[in-house]
There are 2 protein chains.
Amino acid sequence: MTPGTPPPDASTPPPEPLSPAQVIVLGLLRFAGRATPYDLKQGVAGSVGNFWSVPHSQLYAEPDRLVARGLADVEQEPGGRRRKSYAVTPAGVAALDAWVADPPVDLGELRTPALLAVFFGADPAVVARTQLPQHRAKLEEYERLIEAGAAAGEGVARGPGLTLRAGVLSERAWIAYWTEMLEEAAG
Amino acid sequence: MTPGTPPPDASTPPPEPLSPAQVIVLGLLRFAGRATPYDLKQGVAGSVGNFWSVPHSQLYAEPDRLVARGLADVEQEPGGRRRKSYAVTPAGVAALDAWVADPPVDLGELRTPALLAVFFGADPAVVARTQLPQHRAKLEEYERLIEAGAAAGEGVARGPGLTLRAGVLSERAWIAYWTEMLEEAAG
DNA sequence: TGACAACAGTCCAAAATGGAAGGTACGGTT
DNA sequence: AACCGTACCTTCCATTTTGGACTGTTGTCA
């Protein structure tokens, strides 16, 4: 064993890495300070959900798992609906920062049924005609959001705006692709 | 009720739509004529897996589900490893063609951890430096595959080659994005 | 004859998924 | 004040999906 290599085990078992869903919950909680699962649902819908959606049932389950790991804490409304709200603990902040500083390498996948259809013999022009308007609408939506963000100006986190840019570039790529497919003769 | 509208139910319960994994298995079986789950695993790895991966355990489970639905049939090797191999039935061909002709509308998601990291505050330039080489490598790989396909020429299915083009455009978009992020000042 | 790598398949615990169903608060009627 | 409808909010659950650990098989080379 080379010097500098840590001993092949020790006291602490390697802490389970955070799952993407946990990162999303932790990150949204940090933005919000304190939030209920329902708040998280709203939060996901308008922002990170554009590129990584999480079913609502998971937004109810995940916070409790984070509490169990000491990364968040709960608080129960005394009256009314007795809603539970969550906030990130210092350990949670540390875990989130560590993940964010060194995310798993994974380029992602295109994973769209339209592409599967083309792969297995669909007429590309036909598929293109339904895909194009959708992608154009998405692109416009992202561009509007970017403008709105620019107007809002300082004081807000920069991350969300930067990912919007990825959305724009990706939608443009799709539009270019399906436009090409329009030219392809039928199979 | 307007004429031409079918009665609001009848004998046949609505056939469960195919899942993407089932489409992949059916489609690959059709390309191959007859294949074992292991063959499918190899097949996925080199082609459709680039944009829609399927864990190998599913490639063992899914064919049997297709058999149960009458969309494929099994055959057992008489000796040796007694491998099971599958082939698409006429009903399977019909189901696949129907799906391919009218895939669910779903634009897909970017779903990459790197983007999540940026969203939640990572220094975009730092993330970019690990993402860029990976995407460049992927792009080169796709371009090589396209050249190889062009050399192979006629006689092969057109679908796979067309999806490769989507891969190229997508990788270029990523490269453009992360190159922009390199410019962004640190958080 | 054994060792080893590549091949092939099974199994399972732990999640994700998505929808159905169930409660609660609230504003406005009558 | 009783009622209603709607929006809000939460739980539950059956079904898949997931990835990895584990087992066994075949063929090859020393």
Side-chain angles (χ1 to χ4, degrees), chain A residues 13-26 28 32 34-46 48-49 52-69 74-86 104-106 108-109 111 113 116, chain B residues 13-26 28 32 34-46 48-49 52-69 74-86 104-106 108-109 111 113 116:
Chain A
E16 283 288 303
L18 295 173
S19 72
Q22 289 174 328
V23 170
I24 289 172
V25 170
L26 240 23
L28 252 25
R34 175 165 286 284
T36 67
Y38 192 76
D39 295 333
L40 294 174
K41 186 175 109 168
Q42 313 288 312
V44 168
V48 67
W52 198 309
S53 66
V54 183
H56 69 279
S57 53
Q58 228 190 138
L59 297 177
Y60 284 88
E62 216 56 81
D64 284 329
R65 276 188 269 231
L66 292 173
V67 170
R69 289 177 59 174
V74 221
E75 214 169 81
Q76 180 110 322
E77 252 185 4
R81 290 186 189 214
R82 305 193 55 71
R83 293 199 208 76
K84 288 197 282 184
S85 66
Y86 300 83
V105 292
D106 173 352
E109 293 176 353
R111 263 188 188 257
L116 226 37
Chain B
E16 284 287 305
L18 295 173
S19 72
Q22 289 174 329
V23 171
I24 290 171
V25 169
L26 240 23
L28 253 24
R34 175 166 288 283
T36 67
Y38 191 77
D39 295 332
L40 292 174
K41 186 175 110 167
Q42 314 289 312
V44 167
V48 68
W52 198 309
S53 66
V54 183
H56 69 279
S57 53
Q58 232 192 132
L59 298 177
Y60 285 88
E62 215 57 80
D64 285 329
R65 274 186 268 223
L66 291 174
V67 170
R69 289 176 60 173
V74 221
E75 215 169 80
Q76 180 110 323
E77 251 185 2
R81 292 189 187 207
R82 304 191 58 70
R83 295 198 207 75
K84 289 198 282 184
S85 65
Y86 300 83
V105 292
D106 173 352
E109 294 177 351
R111 263 189 188 256
L116 225 37

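We name chains A, B, ... by the order of the sequence lines, and we start the count at 1 in each one. These numbers come from a predicted model, not from an experiment.
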Separation of D/dC8 atom C1' from A/His56 atom NE2, nearest Å, is 13 Å
On a heavy-atom basis, the closest approach of B/Ser53 and A/Arg111 is O-NH2, 3.0 Å
The single option from B/Leu59, B/Val54, B/Thr36, B/Leu28 that satisfies side chain to side chain contact (heavy atoms under 4.5 Å, CB included) with B/Lys41 is B/Leu59
Item to complete: Decide yes or no for B/Asp64 and B/Tyr86: does some side-chain heavy atom of the first lie under 4.5 Å from some side-chain heavy atom of the second?
Response: yes
To the nearest angstrom, the NZ-C1' distance between A/Lys84 and D/dT10 comes to 10 Å
**OP:** Look at B/Tyr38 and C/dG9 and indicate whether a side-chain polar atom (N or O) is within less than 4.0 Å of OP1 or OP2.
**Re:** no
From CD of A/Glu16 across to P of D/dG20 the rounded distance in Å is 12 Å
Whole-Å distance, B/Arg69 CZ to D/dT15 P, equals 15 Å
Less than 4.0 angstrom between a side-chain N/O of B/Arg83 and OP1 or OP2 of C/dT10, yes or no?
no
B/Gln22 atom CD is separated from D/dT15 atom P, nearest whole Å, by 15 Å
**Asked** So what does B/Glu62 touch, heavy atoms closer than 4.0 Å: a base, only the sugar-phosphate, or nothing?
**Response** sugar-phosphate
Nearest heavy-atom approach of A/Gly49 to B/Glu109 is O-OE2, 4.1 Å
Taken to the nearest whole Å, NZ/A/Lys41 to P/D/dC8 is 9 Å
Out of D/dT10, D/dT16, D/dG19, minimum distance to the side chain of B/Ser57 belongs to D/dG19
A/Asp39 CG to D/dT10 C1', in whole Å, measures 13 Å
Per nearest nucleotide of DNA chain C, the residue lying toward the 5' end, B/Thr36 or B/Arg111, is B/Thr36
_When you measure from the side-chain N and O atoms of B/Tyr60 to the phosphate of C/dT10, is any distance below 4.0 Å, counting only OP1 and OP2?_
no
| message | Is the phosphate of D/dT16 approached by B/Gln58 (side-chain N or O, under 4.0 Å from OP1 or OP2)? | response | no
Tightest non-hydrogen contact, residues B/Trp52 and A/Pro113, listed as CZ3-N, 3.8 Å
When rounded to whole Å, the CD to P distance for the pair B/Gln76 and C/dA8 reads 15 Å
